[in-house]
Protein chains: 2
Amino acid sequence: MMTVDWIAADWGTTNLRVWAIGKDGAVLAQAGSNKGMGSLKRDEFEGALLEVVGPWLTDGKRLPVIACGMVGARQGWLEAPYAKVPCPPLHADNMVSVPVQDPRISVSIIPGLCQMQPADVMRGEETQIAGYLFDKPDFDGVLCLPGTHTKWAQISAGEVVSFRTFMSGELFSLISTQSVLRHSIPADGWQQDAFASAVDDAISKPEAVASRLFSLRAESLLTDADPAAARARLSGLLIGMELAASRPYWLGQNIAIIGARALSDLYAKALSAQGCRPVITDNDTLTLSGLKAARAQMEKDQAQ
Amino acid sequence: MMTVDWIAADWGTTNLRVWAIGKDGAVLAQAGSNKGMGSLKRDEFEGALLEVVGPWLTDGKRLPVIACGMVGARQGWLEAPYAKVPCPPLHADNMVSVPVQDPRISVSIIPGLCQMQPADVMRGEETQIAGYLFDKPDFDGVLCLPGTHTKWAQISAGEVVSFRTFMSGELFSLISTQSVLRHSIPADGWQQDAFASAVDDAISKPEAVASRLFSLRAESLLTDADPAAARARLSGLLIGMELAASRPYWLGQNIAIIGARALSDLYAKALSAQGCRPVITDNDTLTLSGLKAARAQMEKDQAQ
């Protein structure tokens, strides 16, 4: 019979993923549901958690649950106030303890990070960053976390020094599926040359994004333009504008990209064309590593 | 009893507007429906037209109907192939005659304009431009037509020399209502200073658009930022990026803005801050003026 030591939870807007962790740090079981923060009222979080971790609990023993993500947002279970950068990606002192009814669990939430000038926030990515630094504590450079909202974070001496969020992923999705360009941009298909030249255009002339968008529509009406090229070009324009704006983060820096493989590859190719040598790290296990780092900190704290 | 000489029709994607015009050019009646091109199959156009103009028709007399807009698109009633710039905004030779069942009407559609390099198209705006030039045949300069898809057109010697389309209006709508920024941007409210400084930012550093978007969200989470300012700032960033890209159109040019009053005012203020002296013309009656110009051309053609 397995002995669960604690429970790790990645609780985002749309999903909840949980892992049962043993004394030695091994994953004994995992589970999940689609009860993300976005679909829950404040008094429904505990029930949603118990639904998935219930089988791992035993009477008379209180298991720690450590959670990260939007569960700690203002609209979440309990607001975990942002820690202000520069600071380590996570710190046991900043974790927020959530009052619960069930005597078999105790719940702590990892807070996100904020930056006052320029204003920025993250919630969830700090745990991935902590996971990355758990494995590579001496990393000094820039982490790029591509996604719906891509984050660029400057890391030094184990701290997040500054960071910046770009909405390129969300813009790509909105423009390609909701704007007039939806008639010209297919759901998939790719042309690497079109992507590369669009990145180039947008880095050297970021305003090109404004003038080139409608051209994608016009080209499909007037010529036999390859729809796959239009899709790649839109992506290239948006990522290129992001690179133009994030230049201080990547120029001459040691860069690691943490994200889903396909999107990370795009960022890597775009950065390589600018003379960077980014390293790609798969992000599948990083959140769990970060939650383990949080657990280790809490234990160290309690031991002192 | 009124004698209708011909019928003018502005037939866009979402609406149909028609005017009964007398021998002297006076508007005798007007009507409309929400049967725009977007909601009609090819064989439903004639019925949709007869529904609104039926009361004006008499047996034994065939009334000309002149239509502009998306009714002439590939997905419309009958495709009216684009005329290539440089060319006059409309020309009787390019108008397309639509076969109809009802002996009481004959229907002609005004084609849109296209530009091959850079690729661009317009359909409907050419009639507004023709209406503007009908009143001011000697206009030489640039017309700016703000809207969902803002058009900039260079006019010389009665011809559209070149033009460019920007999706700033559609982007504003998508970003403010569908992206994560919808939580921070209200449906109305305005702060002119925030707009002006955002235009300035984006003109001098167009890539600022990429980095500033998410800040609007973060500012609303971290500070007591005025939501009305966030709305004005988003608009300013997008219009500023458009002005950065359309600079060759407005720099040192004679500019007239044709559009809805509130949006035209924004463009006028942004351009004035750049040292331009744009003139605003209300566009309410320009489409009808353009349709009258088309009618006059057809009559001249038939007389020859």
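Naming: A, B, ... by sequence-line order, numbering from 1 per chain. Just so it is clear, the structure is predicted and the values come from calculations on it, not from any experiment.
- At a threshold of 4.5 Å between non-hydrogen side-chain atoms, the residues B:Leu171 and A:Ile175 count as touching.
- Interface remark: B:Gln178 contributes backbone and side-chain atoms alike to the contact with chain A (heavy atom separation under 4.5 Å).
- Contact check for B:Glu219 versus A:Pro118: no side-chain heavy atoms found under the 4.5 Å cut-off.
- At least one donor-acceptor pair under 3.5 Å links the side chain of A:Arg74 to the backbone N or O of B:Leu221.
- In this structure, A:Phe214 and B:Lys151 have side chains that are in contact, with non-hydrogen atoms separated by less than 4.5 Å.
- Separating the CD atom in B:Glu207 from the CD atom in A:Glu207 is a distance of 8.5 Å, to the nearest 0.5 Å.
- How far CD of B:Gln117 is from OG1 of A:Thr223: 10.0 Å, rounded to the nearest 0.5 Å.
- In terms of heavy-atom pairs under 4.5 angstrom with chain A, the leader among B:Ser173, B:Gly240, B:Ala225, B:Pro206 is B:Pro206.
- No part of B:Leu243 comes within reach of chain A, as not one of its non-hydrogen atoms sits under 4.5 angstrom from that chain.
- Contact record, B:Ala119 with A:Ser215: O-OG, 3.4 Å, taken as the closest heavy-atom pair.
- Scanning all heavy atoms of the two residues, the minimum distance from B:Met167 to A:Ser179 falls at CE-OG, 3.7 Å.
- Here the rule is side chain to side chain contact (heavy atoms under 4.5 Å, CB included) with B:Leu222, and of A:Met116, A:Gln115, A:Lys84 only A:Met116 fits it.
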Margin query: As a quick check of understanding, evaluate side chain to side chain contact (heavy atoms under 4.5 Å, CB included) for B:Met241 and A:Met241, giving each step before the final call.
Written below: CA-CA 11 Å; B:Met241 181 164 68; A:Met241 181 164 68; 3.8 Å; yes
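- Side-chain contact between A:Arg217 and B:His149 is absent, with no heavy atoms from C-beta onward closer than 4.5 Å.
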